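As structure tokens, the structure follows; a few thoughts come after it.
Predicted model, so just to flag it, every value in this text is computed and none were measured.
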Amino acid sequence: PRILGSILNDFYTGIERIFRKIAEECDGGIPNGESWHKELLRNMALELEGIRPAVITNELREELEEYLGFRHVFRNIYGFQLEPERLKRLLQRFDEVFSQFKNSITKFNGFLKKLADEIDQG
């Protein structure tokens, strides 16, 4: 369970790094406070009118909340304490969630490219 948990931990950590970069570059910074991880994820599902579209859908946000919650547990307990059923459920959804995330980021990159093209054209 520890190795699989490590993979899921790395998966969400990578996603969060992307979200942090978006927040720093587009949103004026990452949220403050103890629950900034949750708030950052929630913010990625919000459209910021005149600034950027939603990066992910609410449905994907809900899926990713499960991975964020797991990561918190993974970082704060011993490997033998991991819940096998929760681990199994997250692993079963992994391919679909990753595919949805890739599609969302590809779409968001399209927005950024269009914005950059508009700026270049002045």
Side-chain angles (χ1 to χ4, degrees):
R2 182 76 183 166
I3 293 170
L4 296 174
S6 182
I7 291 168
L8 293 176
N9 174 65
D10 292 349
F11 168 65
Y12 190 79
T13 298
I15 287 173
E16 188 173 79
R17 283 185 182 147
I18 293 168
F19 290 164
R20 284 180 67 153
K21 190 68 171 168
I22 291 168
E24 290 166 354
E25 298 294 326
C26 298
D27 301 1
I30 61 171
N32 294 319
E34 254 182 64
S35 61
W36 73 266
H37 298 276
K38 289 180 184 179
E39 193 174 332
L40 176 66
L41 178 56
R42 279 189 222 115
N43 289 349
M44 292 298 112
L46 298 175
E47 175 183 353
L48 301 181
E49 194 171 327
I51 298 173
R52 65 160 176 80
V55 179
I56 58 173
T57 64
N58 278 315
E59 293 78 16
L60 181 54
R61 177 192 50 80
E62 289 174 6
E63 292 271 6
L64 291 173
E65 282 176 349
E66 290 274 336
Y67 291 87
L68 170 59
F70 176 82
R71 185 185 68 176
H72 176 76
V73 169
F74 181 81
R75 290 180 173 185
N76 292 291
I77 65 171
Y78 295 108
F80 66 85
Q81 293 175 304
L82 293 173
E83 298 173 28
E85 287 304 312
R86 185 177 193 188
L87 191 60
K88 182 179 176 181
R89 186 176 67 252
L90 292 172
L91 288 168
Q92 286 174 337
R93 296 286 308 139
F94 181 85
D95 288 339
E96 177 61 27
V97 171
F98 184 51
S99 177
Q100 288 178 32
F101 177 74
K102 285 192 306 186
N103 290 340
S104 294
I105 291 299
T106 299
K107 185 176 176 182
F108 188 73
N109 280 337
F111 158 76
L112 293 175
K113 182 173 179 355
K114 182 179 175 192
L115 184 62
D117 290 346
E118 290 172 3
I119 291 170
D120 286 344
Q121 293 174 0

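If you take CZ on F108 and CD1 on I22, they are separated by 4.5 Å, rounding to the nearest 0.5 Å. L4 contributes atom CG, which lies 9.5 Å from atom CZ of F74 (distance to the nearest 0.5 angstrom). For the atom pair CZ of R52 and CE of M44, the computed distance is 4.5 Å after rounding to the nearest 0.5 Å. Of the inter-residue distances, the one linking Q100 atom CD with L64 atom CG reads 8.5 Å to the nearest 0.5 angstrom. Here the straight-line distance linking atom CZ of R71 with atom CG of N76 works out to 10.5 Å at 0.5 Å rounding. To the nearest 0.5 Å, the span separating CD on E85 from CG on L87 amounts to 9.5 Å.
Checked by atom type and distance alone, the side chain of Y67 pairs as donor or acceptor with a backbone atom of L90 at under 3.5 Å.
Here E83 pairs with nothing under the salt bridge (Lys or Arg N to Asp or Glu O under 4.0 Å) rule; sequence neighbours left out. Scored by the ring pair (Phe, Tyr, Trp, His ring centres under 6.0 Å) test, F101 finds F19 as partners (sequence neighbours excluded). Every residue was checked against the side chain to side chain donor-acceptor pair (under 3.5 Å) condition with E39, not counting sequence neighbours, and none meets it. With sequence neighbours left out, the side chain to side chain donor-acceptor pair (under 3.5 Å) criterion links R61 to N58, E65. Listed by chain and residue number, nothing satisfies the side chain to side chain donor-acceptor pair (under 3.5 Å) test with R17 (two or more places apart in sequence, or in another chain). K88 meets the salt bridge (Lys or Arg N to Asp or Glu O under 4.0 Å) test with no other residue; sequence neighbours excluded. In this view, R89 and E66 satisfy the salt bridge (Lys or Arg N to Asp or Glu O under 4.0 Å) rule, not counting sequence neighbours. With sequence neighbours excluded, no residue forms a side chain to side chain donor-acceptor pair (under 3.5 Å) with N43.
Within the structure, no pair that satisfies the ring pair (Phe, Tyr, Trp, His ring centres under 6.0 Å) test touches residues 31-60, not counting sequence neighbours. Here salt bridge (Lys or Arg N to Asp or Glu O under 4.0 Å) pairs that include residues 91-108, with residues two or more places apart or in two chains, are E63-R93.
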Under 3.5 Å, which donor-acceptor pairs do the side chains of residues 110-122 form with other protein atoms, sequence neighbours left out?
{"residue": "K113", "atom": "NZ", "partner": "D117", "partner atom": "OD2", "Å": "3.3"}

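Criterion: ILVMFWY side-chain heavy atoms under 4.5 Å apart, direct or through other members. Under it, L46 and I15 are not part of a common hydrophobic cluster.
Shortest non-hydrogen contact noted between A54 and A45 is CB-O, 3.6 Å. When every heavy atom of S104 is checked against every heavy atom of L60, the shortest pair comes out as OG-CD2, 3.6 Å.
Under the side-chain contact (heavy atoms from CB on, under 4.5 Å) test applied with R86, the options L8, L91, V73 reduce to a single match, V73.
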- Message: Working note: E62 + I56, criterion side chain to side chain contact (heavy atoms under 4.5 Å, CB included); need CA distance, chi angles, decisive distance, verdict.
- Response: CA-CA 10 Å; E62 289 174 6; I56 58 173; over 6 Å; no
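Aromatic rings of F11 and F94 (six-membered ring for Trp) have centroids within the 6.0 Å cut-off, being under it.
Membership of the apolar cluster around L48 extends to I51, as traced through chained side-chain contacts below 4.5 Å between ILVMFWY residues.
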